Amino acid sequence: QLQFVESGGGLVRPGGSLRLSCGADEFTFNYYTIGWFRQAPGKEREGVSCISDSGYRTNYGYFVKGRFTISRDNAKNTMYLQMNSLEPEDSGIYYCARRREGTGKLSLRAQDYEYWGQGTQVTVSA
């Protein structure tokens with residue numbers, strides 16, 4: 001069964017940067033839109049960004065405001081999220097998942113995704 005593994009989280013000061021990675025040991029990784037989501041304590045899981053199977057199309061949550069960049073390397077079955085100008089409000093557990101077939105190709109709705117990883121913690125604090 002497909003399983004994603006996230007990494008790259010950590011503690012960073014406001015204004016700092018982190019690069020998250022999402023890997024999958026599964027050859028069909030290349031055929032699907034993959035998304036990044038985050039969840040803070042007491043809040044619902046929200047879509048951060050997603051990238052199409054080819055990598056040519058992307059979508060971002062309204063709160064990203066040009067600070068994050070999503071990318072993927074299909075040869076390595078890996079997706080990345082470069083996060084710059086981090087704010088305390090960006091803190092949470094970051095997950096990656098695969099879009100379900102039959103849903104909007106650049107959807108950022110958590111219910112449109114499956115095969116969630118365990119997540120990686122991002123903490124932005126002075």
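Bear in mind that the values here come from a model prediction, so they are computed numbers and not experimental data.
Taken to the nearest 0.5 Å, the SG atom of Cys22 stands 11.5 Å off from the CD1 atom of Ile51. For the atom pair OG of Ser17 and CE of Met83, the computed distance is 9.0 Å after rounding to the nearest 0.5 Å. To the nearest 0.5 angstrom, Ser125 atom OG is 6.5 Å from Leu11 atom CG. In this structure, Arg100 CZ and Arg109 CZ are separated by 10.5 Å, a value rounded to the nearest 0.5 Å. The structure places CD of Gln121 at 7.5 Å from OG of Ser91, a figure rounded to the nearest 0.5 Å. From Ser49, atom OG reaches atom CG of Leu81 across 6.0 Å, with rounding to the nearest 0.5 Å.
Met79 is not listed as a side-chain neighbour of Phe4, based on a closest heavy-atom distance of 4.5 Å or more. Considering only heavy atoms from C-beta on, Arg72 stays 4.5 Å or farther from Ile70 through its side chain. Between Pro88 and Pro14 there is a side-chain heavy-atom pair separated by less than 4.5 Å.
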Q: Begin with the C-alpha distance, continue with both residues' side-chain angles, and end with the deciding distance and a verdict on side chain to side chain contact (heavy atoms under 4.5 Å, CB included) for Phe68 and Val48.
A: CA-CA 9 Å; Phe68 300 172; Val48 177; 3.7 Å; yes
(Q) Please determine whether side-chain hydrogen bond (donor to acceptor under 3.5 Å, both in side chains) holds for the pair Thr103 and Asp112, giving the CA-CA distance in whole Å, both sets of side-chain angles, and the decisive distance to 0.1 Å. (A) CA-CA 6 Å; Thr103 61; Asp112 291 343; 4.7 Å; no
Q. Arg67 and Asp90: salt bridge (Lys or Arg N to Asp or Glu O under 4.0 Å), yes or no, with the steps?
A. CA-CA 11 Å; Arg67 300 180 296 132; Asp90 295 316; 2.6 Å; yes
Q: Take Leu18 and Leu86 through the test side chain to side chain contact (heavy atoms under 4.5 Å, CB included) and record every step on the way to the result.
A: CA-CA 8 Å; Leu18 283 173; Leu86 284 162; 4.1 Å; yes
Q | Step-by-step side chain to side chain contact (heavy atoms under 4.5 Å, CB included) determination, Tyr32 to Arg99 | A | CA-CA 7 Å; Tyr32 292 87; Arg99 184 184 66 86; 5.6 Å; no
Q) Should Tyr95 and Gln118 be marked as a side-chain hydrogen bond (donor to acceptor under 3.5 Å, both in side chains) after you check the CA-CA gap, both sets of side-chain angles, and the distance that decides it? A) CA-CA 7 Å; Tyr95 302 89; Gln118 294 299 306; over 6 Å; no
Q. Should Tyr94 and Arg38 be marked as a side-chain hydrogen bond (donor to acceptor under 3.5 Å, both in side chains) after you check the CA-CA gap, both sets of side-chain angles, and the distance that decides it?
A. CA-CA 4 Å; Tyr94 282 67; Arg38 69 185 187 186; 3.1 Å; yes
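Under a cutoff of 6.0 Å and an axis angle of 45°, Arg19 and Tyr80 form a cation-pi pair. Judged by the 6.0 Å and 45° rule, Arg45 forms a cation-pi pair with Trp116.
Heavy atoms only, all atoms of each residue included: Leu20 and Val122 are closest at CD2-CG2, 4.1 Å. Taking every heavy atom of both residues into account, Asn30 and Asp53 meet most closely at O-CB, 3.3 Å. In terms of heavy atoms, Ser107 sits closest to Cys50 at O-SG, 3.7 Å.
Of the N and O atoms on the side chains of Asp73 and Thr78, not one donor lies less than 3.5 Å from an acceptor on the other residue.
Heavy-atom contacts from other residues, nucleotides or ligands closer than 6.0 Å to CD of Glu44 number 12 or fewer. Around CD of Glu114, the count of heavy atoms belonging to other residues, nucleotides or ligands within 6.0 Å exceeds 12.
Scored by the ring pair (Phe, Tyr, Trp, His ring centres under 6.0 Å) test, Tyr113 finds Phe37 as partners (sequence neighbours excluded).
Each side-chain hydrogen bond (donor to acceptor under 3.5 Å, both in side chains) pair with one or both residues in residues 54-66, not counting sequence neighbours, appears once here: Ser52-Ser54.
Remark: the backbone N or O of Ala126 is paired with a side-chain donor or acceptor of Arg13 at under 3.5 angstrom. Counting only distance, with no hydrogens or angles, the side chain of Thr120 and the backbone of Gly9 share a donor-acceptor pair below 3.5 Å.
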